[in-house]
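Shown next, in C-alpha cells, is the structure this report addresses.
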Amino acid sequence: MKFVISSLIIAYAFSASAAADDLRSSVLREAAIDAGFVPSSATRQKTNPDLVSLGHLAFESTQLSAGQDIACATCHRDLFGSADGISNAVGIGGDGAGDARVASGGRIVPRNTLPFWGVGGIGYDTFFWDGKVSGHGDDLVSQFGHLALSSDPLVVAAMVPPVEVDEMVGDIGHLTTETVESATVIYDQLVEQLATDPDISDAVLKAFGTPANDVKFENYAKAIAEFIRFNFAVQDTRFHEFVFGKGNLTEDELNGGLIFYGKGRCSMCHNGPYFSDFNFHSIPSPSGSFGKNGFGIDYGRFNVTNDPRDRGKFRTPPLYNVLRTAPYGHSGAYLELSDIILAHSDPLIVLNFQKLSSPQRQDIYQQLRLWVDEPVSQSAYTSKELSQLISFLATFELDAEREVISP
Ligand code: HEC
Ligand code: HEC
C-alpha cells in the first residue's frame with residue numbers, strides 16, 4: 001500500500017511538472033506568434049534559377065570591382081556566417097580573411113559586415129546599419145534618389161557596394177567621389193569587365209536572353225539580389241519546429257525564450273519573422289577607432305535623416321545564426337555575445353571608458369542619452385539567465401551544414 005501511494009505521488013508530481021512545462025511551452029509559442037514570428041515558408045520569395053546562377057557567379061567575381069581585386073564574397077564569407085569575422089570590414093587593398101585581413105592593411109570600411117540570413121525575404125525591406133536603403137516600390141528611399149534603377153530595395157542595396165570608394169572602388173583615376181555620375185561610369189566599366197568572363201557571359205544569355213555586352217549593371221544587381229534571396233533564405237530552425245511543429249526545447253532554451261519575450265524585453269525590438277523591427281534604436285555600442293563620421297564617431301541613422309533625434313541610433317539587427325556572426329554591434333566593438341547582450345541593460349560593466357578617446361566617449365554619451373528612454377535599459381537578468389538567453393538564441397541556427405562557397 002505504501003509503495004502504491006508513493007508511486008502515485010511521484011506520478012502526480014511528474015505529470016504536474018510536465019503540465020507546467022506544457023504550459024510554459026504554450027506561453028512561449030503564443031508570445032512568439034504575437035510578436036510576429038511566422039512559418040519560414042511565409043518569408044521566402046519565389047526565385048528564378050537562371051538568375052540565381054548568374055547572381056552566384058557575379059557575387060564571387062572580382063570583375064565586379066573597378067580594380068578587379070575584390071568580390072562581394074571577399075567580405076560576405078561562408079566561414080563567418082556570411083560576414084567576415086572582423087570588427088570593421090577591410091576593403092580595397094586588403095588581403096586574406098579574418099585577422100590576417102585586418103593585418104594586411106587595406107582600407108577600413110568603418111562598419112561591421114552584416115550577414116545575409118533572411119536578407120530580402122518577405123518584409124525585409126530596410127538595409128544597412130543606418131537603413132540607408134529602405135521601403136519598396138514608390139516608397140523606396142536610397143542615396144540614388146529618384147534615379148534609383150529598381151523598385152526592389154535589395155536590388156538597389158546590391159548596387160551600393162560596387163560604387164563605395166573604400167569598399168570596392170579605390171583610387172581609379174578621377175573616380176574618388178561617390179556621386180550618381182561617377183556611379184554610372186563605374187557601372188559601365190563593370191559591365192565590360194564582367195562580359196570578359198565566359199561563364200558569366202553564358203549565364204547572362206541564359207538569364208536574360210541577351211549577350212553580356214548589352215546588359216546593364218542593374219541586371220547583375222537583380223541577379224545578385226536573387227542569389228542572396230535564394231541562398232540565404234530562412235529555412236526551418238529548431239525554433240520554427242518548436243513553435244509550428246512538434247519540436248522541443250531544452251529547459252534552458254525554454255527559460256531563455258521566456259526571458260526573451262518576457263522580462264528581458266528583447267522582443268520589443270527583436271521581433272517579427274527576422275527578429276528585427278527594422279526600426280532604429282540606441283544601444284550603447286562604441287563606434288571603434290574609425291567611425292563612419294570619423295575619429296571614432298558614427299551618427300548612425302542621423303546620416304540618413306539629418307534628424308538630431310536619430311543621432312546614435314542603428315537598425316535593430318536580425319538574429320539568425322547570431323552565434324556565428326561575431327563580432328557584434330554596428331562597428332563590431334563587442335567580441336562576445338554576452339557582452340553585447342549586457343550592453344543593452346547594463347552598459348557600464350562592459351564599456352571600458354578609460355580606453356576610449358574623448359570623441360569616442362562623446363559618441364557613447366550621445367547613445368546613452370537616448371538609451372535611457374529605451375525600455376531595455378530597465379531590464380535585468382542574472383548570469384544564469386544570460387546564459388539561458390544565449391541557449392535560446394542558438395535555436396535560431398540556420399543550415400549549419402551548408403556547402404561552403406569560397407570567393
Ligand atoms: C569590404 C567588405 C565588403 C564587400 C566587398 C561587400 N560588402 Fe556588403 N557589407 C559590408 C559591410 C561593412 C556592410 C554593413 C555596411 C553598413 O551597414 O553601413 C555590408 C552590408 C551589406 C548589405 C546589407 C544587409 C542588410 O541586412 O541590411 C547588403 C545587401 C550587402 N552588403 C551586399 C553586398 C554585395 C551585393 C556586395 C558585392 C557587390 C557586397 N555587399 C560587398 C561589407 C562588404
Ligand atoms: C530598444 C530595442 C532593442 C531591444 C529591446 C533589444 N535590442 Fe538587441 N539590439 C538593438 C540594436 C539597435 C542593436 C545594435 C546596436 C549597435 O550596434 O549600435 C542590437 C544588437 C543586438 C545583438 C548583436 C547582433 C549583431 O549582429 O551585432 C544581439 C545579440 C542582441 N541585440 C540581442 C538582444 C537581446 C538578447 C535582447 C534582450 C535582452 C535585446 N537584444 C533587446 C535593439 C534592441
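Scope of the values below: all heavy atoms of this structure, side chains included, with no hydrogens, waters or symmetry mates. Ligands are counted one by one from 1 in listed order, and the atoms in each one are counted from 1 as well.
- The distance between the ring centers of F37 and F239 falls below 6.0 angstrom.
- The G264 neighbourhood of ligand 2 comprises atoms 37 (C), 38 (C), with distances under 4.0 Å to a heavy atom of that residue.
- A side-chain donor-acceptor contact under 3.5 Å links S357 and Q360.
- Note on ligand 1: R315 sits in its first shell, one or more heavy atoms being nearer than 4.0 Å.
- Between the side chains of T113 and D84, at least one donor-acceptor pair of N or O atoms lies under 3.5 Å.
- By the criterion of a separation under 2.8 Å, the protein N/O/S atoms near atom 8 (Fe) of ligand 2 amount to H270 NE2, H344 NE2.
- Ionic pairing of D130 and R111 is present here: one or more N-O contacts between side-chain nitrogen and carboxylate oxygen are shorter than 4.0 angstrom.
- Both tests hold for R301 against F280: distance to the six-membered ring centre under 6.0 Å, angle to the ring axis within 45°.
- Atom numbering of ligand 1 starts at 1 in the shown order; those under 4.0 Å from a heavy atom of I224 are 35 (C).
- There is no side-chain donor-acceptor pair under 3.5 Å between R238 and N248.
- Atoms of ligand 1 found under 4.0 Å from any heavy atom of W129 (numbered from 1 in listed order, with element): 14 (C), 16 (C), 17 (O).
- With ligand atoms numbered from 1 in the order given, ligand 1 contributes 26 (O) to contacts under 4.0 Å with heavy atoms of V119.
- Remark: distances from the non-hydrogen atoms of Y124 to ligand 1 include one below 4.0 Å.
- In this structure, T74 has no heavy atom closer than 4.0 Å to ligand 1.
- Heavy atoms of G94 come nearer than 4.0 angstrom to ligand 1 in no pair at all.
- The residues D252 and K384 are annotated as not salt-bridged, no charged nitrogen and carboxylate oxygen being separated by less than 4.0 angstrom.
- Listed by chain and number, the protein atoms of type N/O/S under 2.8 Å from atom 8 (Fe) of ligand 1 are H76 NE2; waters are omitted.
- Annotation for ligand 2: atoms under 4.0 Å from non-hydrogen atoms of L337 are 29 (C).
- For E374, no nitrogen or oxygen atom sits less than 3.5 Å from a nitrogen or oxygen atom of ligand 2, counting backbone and side chain alike.
- Within the 4.0 Å heavy-atom shell around ligand 1 one finds N112.
- One finds the CG atom of D363 at 8.5 Å from the OH atom of Y299 (value rounded to the nearest 0.5 Å).
- By the criterion of a heavy-atom distance under 4.0 Å, the side chain of Y381, and not its backbone, is placed next to ligand 2.
- Side-chain atoms of S267 and H270 form no donor-acceptor pair, as typed in the model, at a separation below 3.5 Å.
- Between R111 and ligand 1, an N or O atom pair is found at a separation short of 3.5 Å.
- If you look at Y320 and F232, their ring centroids are not closer than 6.0 Å.
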